[in-house]
Student: 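Let me begin by handing over the structure; questions about it come next.
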Protein chains: 2
Amino acid sequence: MDVKTIPDIVVGRLPIYLRALQAMLDEGRKVTSSQELGERLGISAAQIRKDLSQFGEFGKQGTGYSIDFLAEQIGAILKVNRVWDVAVVGAGDIGSAIAQYQGFTNRGFRVVMIFDKDPEKVGAQVGSFTVQRVEELESLVQEARIEIAMIAVPGAEAQSVADRLVKAGVQAILNYAPISISVPEGVHVQYIDPVIHLQRMTYYL
Amino acid sequence: MDVKTIPDIVVGRLPIYLRALQAMLDEGRKVTSSQELGERLGISAAQIRKDLSQFGEFGKQGTGYSIDFLAEQIGAILKVNRVWDVAVVGAGDIGSAIAQYQGFTNRGFRVVMIFDKDPEKVGAQVGSFTVQRVEELESLVQEARIEIAMIAVPGAEAQSVADRLVKAGVQAILNYAPISISVPEGVHVQYIDPVIHLQRMTYYL
DNA sequence: TAGATTGTTAATCGATTAACAATC
DNA sequence: TAGATTGTTAATCGATTAACAATC
């Protein structure tokens, strides 16, 4: 079939482009160019054109890109032209904050359930959700056919939570616990650890 | 002087190494090798050795690395063998969660103040902090000689908050708002936007 | 000593940039 | 038409990997 694989680093930039395009739409803009987008993001115009060319031809010579159209196309490539249901595990400060995060709206995601193992928290309300017993994780996640989850439990528990999520059919995990987790081939993991980002900057201070 | 510059991508991996080393220490381990560390992180042993060799010789042939010593050295390189005071701007769900985050302990950072512009929030308690008026931002940040801040305000306000932080002397910003911000040369910015990470994974689902 | 593992060099691989014909 | 900007190729640049002498 000879299907060329898209480099991971290119896929990783698409969400950045999409976010900028949506910001431009909010500003009422209609058209942009690789140069403008690049200046806005600190990325070279050539790189943006090269990245996009991996997926098709979305622009017009002399004119640039229709923001609306390009956003639509990138959304389709990333499969976020739909809404993905997401489960949150851990109802502490971080889990509660992300469960209620307004920023998922219109960007392809919706939190639909939250779990905790603490009996004190189970049954409590977090925004519009009732915290579920973590014992129900497998059955509820599986039944709802949820493929994406966010882990917001202490580091020591993150691996076992990940194992349970995978067993329940989850294929993409966003891990807020400050620890590397191992998952089977084919399951995707991304990490959010503020300390990693901060330490990366202190080097230069 | 001919000082070789360390590639940014190498600096970016050091915090990952450090986190893994500290986890090993917690497990009571004393010695590790580039191979073991690499397997744990999904990074090649050669790359780890190459990265570390940019800064010095930290291992022993035949033996590997003293975990304690290597963690110490990387901490020193990253300048996190001290505690940096951090300001948080925005006392919503996210700002409150990061202000109280336990994970900064022993990793080089300590939140010392939190601001909000909402008069309803100003004066309220967030953990052990009293929310400060954002009007006091410049004076309080400057007086405390704070160099690092985290932004957790709505996207529309992030740029103006960043401008004020920079004016107050902040040189490193961790931005939780889902928007690119521009800062003067020499000021560092890192981003945390869960949607970016999620969209990066949906491509593969 | 024999085995293991580092630090480093050279080779390979991959990503970015520059340049420009095509064309709106 | 003249000017602008794309999509793409080739050149450059940089990062990763393989291999191995040094040595604990």
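Just so it is clear, the structure is predicted and the values come from calculations on it, not from any experiment. So that the names make sense, note that chain A is the first sequence line, chain B the second, and so on, each numbered from 1. These values consider heavy atoms only, across backbone and side chains, with no hydrogens, waters or symmetry-generated copies.
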Student: Nearest of dT17(C), dT6(C), dA22(C) to any side-chain atom of Q61(A)?
Tutor: dA22(C)

Student: Closer than 4.0 Å, any side-chain N/O of Y65(B) to the OP1 or OP2 of dC24(D)?
Tutor: no

Student: Taking atom C1' of dT6(C) as reference, at what distance in whole Å does atom CD of E36(B) sit?
Tutor: 15 Å

Student: Would you mind telling me which of dC24(D), dT16(C), dT17(D) lies closest to the side-chain atoms of R13(A)?
Tutor: dT16(C)

Student: With respect to the side chain of S33(A), which nucleotide from dT8(D), dA19(D), dT5(D) is positioned closest?
Tutor: dT5(D)

Student: Find the partner of dC13(D): check Watson-Crick (N1-N3 plus N6-O4 or O6-N4) and G-U wobble (N1-O2, O6-N3) distances, both under 3.5 Å, and reply none if neither fits.
Tutor: dG14(C)

Student: Any cation-pi pair here, R19(A) with Y191(B), using under 6.0 Å and within 45°?
Tutor: yes

Student: State which of dA15(C), dT17(D), dA15(D) makes the closest approach to the side chain of A46(B).
Tutor: dT17(D)

Student: Measure the spacing between CG of L52(A) and CD1 of I74(A) and express it to the nearest 0.5 Å.
Tutor: 5.5 Å

Student: Check whether any side-chain N or O of S34(B) sits under 4.0 Å from OP1 or OP2 of dT6(C), and answer yes or no.
Tutor: yes

Student: Taking OP1 and OP2 of dT17(C), is either one under 4.0 Å from a side-chain nitrogen or oxygen of S44(A)?
Tutor: yes

Student: Report yes or no: do S139(A) and E143(A) form a side-chain donor-acceptor pair below 3.5 Å?
Tutor: no

Student: Applying a 3.5 Å limit to both distances, which nucleotide forms a Watson-Crick or G-U wobble pair with dA22(D)?
Tutor: dT5(C)

Student: On DNA chain C, nearest-nucleotide positions of K60(B) versus D8(A): which is more 5'?
Tutor: K60(B)

Student: What is the distance, rounded to the nearest whole Å, between atom CD of Q47(A) and atom P of dT8(D)?
Tutor: 16 Å

Student: So if I take every side-chain heavy atom of K50(A) and compare against dT17(C), dT16(D), dA15(D), which nucleotide ends up nearest?
Tutor: dT17(C)

Student: Do Q159(B) and D163(B) have a side chain donor and acceptor closer than 3.5 Å?
Tutor: yes

Student: Within the structure, does a side-chain N or O atom of R49(B) lie under 4.0 Å from either OP1 or OP2 of dT6(C)?
Tutor: yes

